[in-house]
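Worksheet: the structure to be examined is printed underneath.
Scope of the values below: all heavy atoms of this structure, side chains included, with no hydrogens, waters or symmetry mates. Labels below follow one simple rule: chain letters A, B, ... track the order of the sequence lines, proteins then strands, and each chain is numbered from 1. This structure is a prediction, so every number in the text was calculated from the model and none was measured.
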There are 2 protein chains.
Amino acid sequence: MTIDPYSDIPAYKQLAGGVRALIESGDLAPGQRIPSESDLVQRHGVARETARRAIALLRAEGLIQTIQGQGSFVTDPQEAVTVRCRKGTEIAARMPSPDERRALGIPEGVPIFIVRYPEGQESKLRADSNVILFTEE
Amino acid sequence: MTIDPYSDIPAYKQLAGGVRALIESGDLAPGQRIPSESDLVQRHGVARETARRAIALLRAEGLIQTIQGQGSFVTDPQEAVTVRCRKGTEIAARMPSPDERRALGIPEGVPIFIVRYPEGQESKLRADSNVILFTEE
DNA sequence: GCCAATTTGTGCGTATGTATT
DNA sequence: GAATACATACGCACAAATTGG
């Protein structure tokens with residue numbers, strides 16, 4: 001994977017694309033560490049900010065999670081809990097605010113479900129570890 | 001709203017918090033432009049990168065949308081289309097890849113629904129303009 | 001059409017702090 | 001303590017898009 005500084009596509013997006021391809025192909029497996037910022041800087045001859053932007057892009061997609069002092073790791077697909085809902089239940093989804101992220105203990109790049117029950121209550125669920133299934137009752 | 005450089009909370013998060021409060025209170029209404037990067041730099045005495053990080057944070061939350069050459073604007077709440085689903089339908093949600101974003105024409109900070117029908121087909125819907133409702137048929 | 005001003009986008013460099021190993 | 005790795009924050013320059021005169 002090589003960066004072309006003359007391409008129309010910005011360097012950080014090319015870089016992100018390369019790492020994304022490694023993740024999607026399975027060359028970088030879930031739980032595995034991706035190359036560090038310094039690795040990317042040295043191997044591709046870009047500035048650190050460029051490498052950081054590429055990493056931030058993948059984090060916002062939920063593909064990786066970053067831990068200070070350790071590195072960025074391919075997101076481990078959560079074993080999804082199936083939440084059963086009955087007729088009249090309404091589902092929305094959006095990105096959480098930082099407060100909501102803290103409250104639910106979820107990392108960047110993970111949306112939340114807003115589940116509204118027929119009675120009017122509402123609950124928020126992290127969308128990476130829940131799927132909603134419509135059942136009779 | 002003032003930035004305290006000695007706070008434990010990084011300047012860019014303080015800045016984002018200030019703007020977020022303006023949006024949530026309605027002082028900055030949907031469709032309205034938020035202060036430009038230069039505005040934030042001058043009024044709060046921070047570096048441009050700090051202002052940009054604050055803005056990027058709000059964009060990732062889906063609160064604003066940015067247009068090059070124009071500025072960042074408070075996201076206009078989409079009139080949500082209600083999609084009716086029957087028993088056996090399964091709903092997941094996640095952030096889209098850039099390719100999926102392009103394909104669906106959606107901005108940053110907007111998750112997508114993955115709707116799996118009982119027959120096995122699957123469709124992707126932008127989560128900011130759709131809500132899923134479980135009905136009989 | 002043109003030019004200037006404004007605003008965001010990309011990219012580089014540097015420094016320091018914090019967390020982990 | 002040392003080495004590694006990410007986080008924050010400043011500076012600078014130029015490119016690209018839009019707007020207004």
Side-chain angles (χ1 to χ4, degrees), chain A residues 2-19 28 31-75 98 101-102 107-109, chain B residues 2-19 28 31-75 98 101-102 107-109:
Chain A
T2 301
I3 301 303
D4 171 16
Y6 302 107
S7 165
D8 281 344
I9 301 171
Y12 77 94
K13 287 186 181 175
Q14 294 180 50
L15 210 45
V19 178
L28 285 173
Q32 200 172 341
R33 214 197 73 180
I34 72 168
S36 73
E37 296 176 358
S38 320
D39 288 342
L40 296 177
V41 166
Q42 289 171 21
R43 299 216 305 248
H44 297 96
V46 296
R48 188 179 169 216
E49 191 198 296
T50 303
R52 281 182 67 74
R53 286 234 211 112
I55 291 174
L57 206 52
L58 301 176
R59 195 168 44 233
E61 292 171 33
L63 284 182
I64 61 172
Q65 289 171 39
T66 301
I67 306 178
Q68 184 175 356
Q70 295 189 42
S72 294
F73 302 83
V74 179
T75 299
R101 281 229 317 278
R102 264 188 301 279
E108 285 183 63
Chain B
T2 300
I3 301 302
D4 171 16
Y6 302 107
S7 165
D8 282 346
I9 302 171
Y12 77 93
K13 287 187 182 175
Q14 294 180 50
L15 209 46
V19 178
L28 285 173
Q32 199 172 342
R33 214 198 72 181
I34 72 168
S36 72
E37 297 175 359
S38 319
D39 288 341
L40 296 177
V41 165
Q42 289 171 21
R43 299 216 305 248
H44 297 96
V46 296
R48 190 186 168 203
E49 190 198 296
T50 303
R52 281 183 67 75
R53 287 252 281 278
I55 291 174
L57 204 54
L58 301 175
R59 194 168 45 231
E61 292 171 32
L63 284 182
I64 61 172
Q65 289 171 39
T66 301
I67 306 177
Q68 184 176 353
Q70 295 190 43
S72 294
F73 303 83
V74 179
T75 299
R101 281 230 318 278
R102 264 189 300 280
E108 284 183 65

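For residues 64-73 of chain A, the set of pairs meeting the salt bridge (Lys or Arg N to Asp or Glu O under 4.0 Å) definition, not counting sequence neighbours, is empty. Pairs engaging residues 4-18 of chain B under the salt bridge (Lys or Arg N to Asp or Glu O under 4.0 Å) rule: none recorded [sequence neighbours left out].
Every residue two or more places apart in sequence or in another chain that forms a side-chain contact (heavy atoms from CB on, under 4.5 Å) with A:Gln32 is listed here: A:Leu28, A:Ala29. Considering only residues two or more places apart in sequence or on other chains, A:Gln70 meets the side-chain contact (heavy atoms from CB on, under 4.5 Å) condition with A:Ile67, A:Phe73. In this structure, the side-chain contact (heavy atoms from CB on, under 4.5 Å) partners of B:Thr75, at least two apart in sequence or on a different chain, are B:Gln65.
On the nucleic acid side, DNA chain D has its first and last nucleotide under 4.0 Å of a heavy atom of chain A at D:dA5 to D:dT8, going 5' to 3'. The span of DNA chain C lying next to chain A, judged by atoms under 4.0 Å from heavy atoms, is bounded 5' to 3' by C:dT10 to C:dT21.
To the nearest 0.5 Å, atoms CD1 (B:Ile9) and CD1 (B:Ile3) are separated by 10.0 Å. Atom CD of B:Glu108 sits about 5.0 Å away from atom CZ of B:Arg101, to the nearest 0.5 Å. The OG atom of A:Ser36 sits 7.5 Å away from the CD atom of A:Gln42 when rounded to the nearest 0.5 Å.
The stretch residues 61-74 of chain B touches DNA chain C through B:Thr66, B:Ile67, B:Gln68, B:Gly69, B:Gln70, B:Gly71, B:Ser72, each having a heavy atom under 4.0 angstrom from the strand. Contacts between residues 8-15 of chain B and DNA chain D, defined by a heavy-atom separation under 4.0 Å, are made by B:Pro10, B:Ala11, B:Tyr12. Of all the residues in residues 49-57 of chain A, A:Glu49, A:Thr50, A:Arg53 reach under 4.0 Å from DNA chain C with at least one non-hydrogen atom.
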Going through the checks in order, is the side chain to side chain contact (heavy atoms under 4.5 Å, CB included) test met by A:Gln14 and A:Val46? CA-CA 11 Å; A:Gln14 294 180 50; A:Val46 296; over 6 Å; no
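Toward the 5' end of DNA chain C, the nearer of the two residues A:Val46 and B:Pro35, judged by each one's closest nucleotide, is B:Pro35.
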Could you pull out every donor-acceptor pair under 3.5 Å between side chains of residues 50-64 of chain B and any protein atom, sequence neighbours left out?
from	atom 1	to	atom 2	distance (Å)
B:Arg52	NH1	B:Glu37	OE2	2.5
B:Arg53	NH1	B:Glu49	OE2	2.6
B:Arg59	NH1	B:Thr66	OG1	2.8
B:Glu61	OE1	B:Arg20	NE	3.0
B:Glu61	OE2	B:Arg20	NH2	2.7

